[in-house]
Protein chains: 2
Amino acid sequence: MSGDRRVRRTRRMVQEALVALILEKGYEAVTVTDIIARADVGRSTFYSHFTDKQDVLLSNLHDLAFLRPAPAGGEPGRLFAFSLPMLEHVREQERLVRALLGRRGGGPVHAHGERLLAGLVRDELLAAGARASAALDLLVVCVVGAFMGLLRAWVDGETAASPAELDAAFRAAVEPGVRAVLGRL
Amino acid sequence: MSGDRRVRRTRRMVQEALVALILEKGYEAVTVTDIIARADVGRSTFYSHFTDKQDVLLSNLHDLAFLRPAPAGGEPGRLFAFSLPMLEHVREQERLVRALLGRRGGGPVHAHGERLLAGLVRDELLAAGARASAALDLLVVCVVGAFMGLLRAWVDGETAASPAELDAAFRAAVEPGVRAVLGRL
DNA sequence: CTGAATTCCGAACAATGTGTTCGCTTATGA
DNA sequence: TCATAAGCGAACACATTGTTCGGAATTCAG
């Protein structure tokens, strides 16, 4: 590992404290004072590692590597290869993802995820033969919106469905429309 | 109108000040002190009308009446009757909606809109012959996610499309999938 | 027009949170 | 072992919140 053990320990304690507090009170309601109390870390120490609350939140993003650029290829005709693997990966990191992406998570991370996913979807549709256009961008927005909505509903406990069921629901909702649009380009 | 003219005036000034400030700095960054300065209203006056910042935000919701329960009926086979009228109504209230529903708007109103829209969509699908089920709820989440995504992208200036184009994109993306699912219930 | 009621003002206040500084202590790795 | 890097925590200035209160201004009813 890199750096001093104390550094790793401190950063980890702070990150975990924030996640725990988000799940208890929601991101907005968490104060830096809360965090350092929970993490049992000095105030000055906190500010020597992070600039503020949001910095801690975003520092967790590196652990959300499941937004990898898709294993390239896969079966040829299959759309949205990212969906099922991503949902399964999320289940494993349930606690972290629920804190970061749920309604209690406050938004910034959700926006981040939306952008990343939009890039993925756009590339995939281009690879499937779509032409870059304003209409394509709107289609991407719809697809991403549907997926993120599903993801949020899941981590917020609004559904007890399994990753496979969520994947199926996602595909059922958007795949026919997407294929129809693709055919027209 | 109801009540004292001073009351109406004060409330209006405060609401407009918040909308203006959101468009400038984003909801999170706006303080009560900012609001009363911009509205030119005494501090105690503010707190005699509103409990806090969010209260002002939500007080604007009554003006967003475009979430009406749909003009009932319409053509029989037509799905998502709410879409185009809603988008057109939004264009007329551009400034207010952009402040409330955009990324800068901070979330609470977005969540509100999602819930209302989910009820609308769910009722419409039930009326179209769907059975209440977990699968239906997931479908509703996807549809609402797609629409809200489109709406958000629009008010955040990510697209210059017209209401008619947005409506078309929405339908193209989700209607085939929805009809396919409906056929299976 | 007048007067009582309502509303507004604004200053002051306690309470909480933020981000920084500094001298001292402790843990780490070479 | 020992120089270095990290942590501690108290104290600080500052910003924001939400409340209180007496006096000034506006409004509406009669």
Side-chain angles (χ1 to χ4, degrees), chain A residues 1-62 99-100 104-109, chain B residues 1-62 99-100 104-109:
Chain A
M1 286 293 164
S2 68
D4 199 308
R5 176 189 299 160
R6 289 168 293 181
V7 173
R8 290 195 306 273
R9 181 181 179 282
T10 296
R11 294 186 63 93
R12 190 170 44 80
M13 296 299 255
V14 169
Q15 289 172 327
E16 287 176 3
L18 177 58
V19 168
L21 287 165
I22 288 175
L23 293 175
E24 289 173 19
K25 320 203 298 181
Y27 176 70
E28 302 299 341
V30 177
T31 69
V32 171
T33 304
D34 289 334
I35 299 174
I36 64 181
R38 176 68 61 100
D40 200 19
V41 150
R43 187 168 199 79
S44 55
T45 304
F46 174 92
Y47 282 107
S48 72
H49 286 287
F50 304 97
T51 68
D52 53 21
K53 207 176 44 159
Q54 175 160 324
D55 192 26
V56 183
L57 190 73
L58 297 181
S59 76
N60 276 303
L61 275 183
H62 299 293
L100 295 183
R104 317 185 69 97
V109 179
Chain B
M1 286 294 166
S2 68
D4 200 307
R5 174 187 301 160
R6 288 168 295 181
V7 173
R8 290 196 308 272
R9 185 183 119 81
T10 296
R11 295 186 62 93
R12 190 169 45 81
M13 296 299 254
V14 169
Q15 289 171 327
E16 288 177 1
L18 178 58
V19 167
L21 287 165
I22 287 176
L23 292 175
E24 288 173 18
K25 320 204 299 181
Y27 176 70
E28 303 298 343
V30 177
T31 70
V32 172
T33 304
D34 288 335
I35 299 174
I36 63 181
R38 176 69 60 102
D40 200 18
V41 151
R43 185 168 203 79
S44 56
T45 305
F46 175 91
Y47 282 107
S48 74
H49 287 287
F50 304 96
T51 69
D52 53 22
K53 203 175 49 158
Q54 175 160 326
D55 191 27
V56 183
L57 190 73
L58 297 180
S59 76
N60 275 303
L61 275 183
H62 300 292
L100 295 182
R104 316 184 71 95
V109 178

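Chain naming here is simple, since letters A, B, ... match the order of the sequence lines and numbering starts at 1 in each.
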TODO: May I have the step-by-step check of side-chain contact (heavy atoms from CB on, under 4.5 Å) for B:Val14 and B:His49, ending in yes or no?
DONE: CA-CA 10 Å; B:Val14 169; B:His49 287 287; over 6 Å; no
Open item on the list: Does any part of the side chain of A:Asp52, heavy atoms only, come nearer than 4.5 Å to the side chain of A:Val32, both counted from C-beta?
Closed with: no
Task: Non-hydrogen side-chain atoms of A:Leu58 and A:Gln54 separated by less than 4.5 Å - done: yes
Task: For atom CZ of A:Arg11 and atom C1' of D:dA6, their distance in whole Å - done: 14 Å
Task: Sequence-aligned protein contact record of nucleotides 18-30 of chain D, with B where the base is within under 4.0 Å of a protein heavy atom and S where only the sugar-phosphate is - done: BBBB---BBSS--
TODO: Please list residues of residues 17-31 of chain B whose heavy atoms come under 4.0 Å from any atom in DNA chain C, ordered by number; otherwise none.
DONE: none
Task: A:His49 side-chain N/O to D:dG7 phosphate OP1/OP2 under 4.0 Å - done: yes
TODO: Give me the one residue out of A:Arg11, A:Arg5, A:Arg6 that meets side chain to side chain contact (heavy atoms under 4.5 Å, CB included) with A:Arg8.
DONE: A:Arg5
TODO: Test B:Val109 against B:Asn60 for side-chain contact (heavy atoms from CB on, under 4.5 Å), laying out the working first.
DONE: CA-CA 10 Å; B:Val109 178; B:Asn60 275 303; over 6 Å; no
TODO: Answer with base, sugar-phosphate or nothing: what part of the nucleic acid does A:Asp40 contact at a heavy-atom distance below 4.0 Å?
DONE: sugar-phosphate
Task: Side-chain (A:Lys53) to main-chain (A:Tyr27) donor-acceptor, under 3.5 angstrom - done: yes
Task: N/O (side chain, B:Thr45) to phosphate O (OP1/OP2, C:dC9) under 4.0 Å - done: yes
- [ ] Return the value, rounded to whole Å, for the distance between atom CD of A:Gln54 and atom C1' of C:dT18.
- [x] 15 Å
Task: Length of the CE-P vector between B:Met13 and C:dC8, whole Å - done: 12 Å
TODO: Could you tell me the separation between the CZ atom of B:Arg104 and the NZ atom of B:Lys25, rounded to the nearest 0.5 Å?
DONE: 10.5 Å
Task: Under 3.5 Å: donor-acceptor pair, side chain of A:Asp34, backbone of A:Val30 - done: no
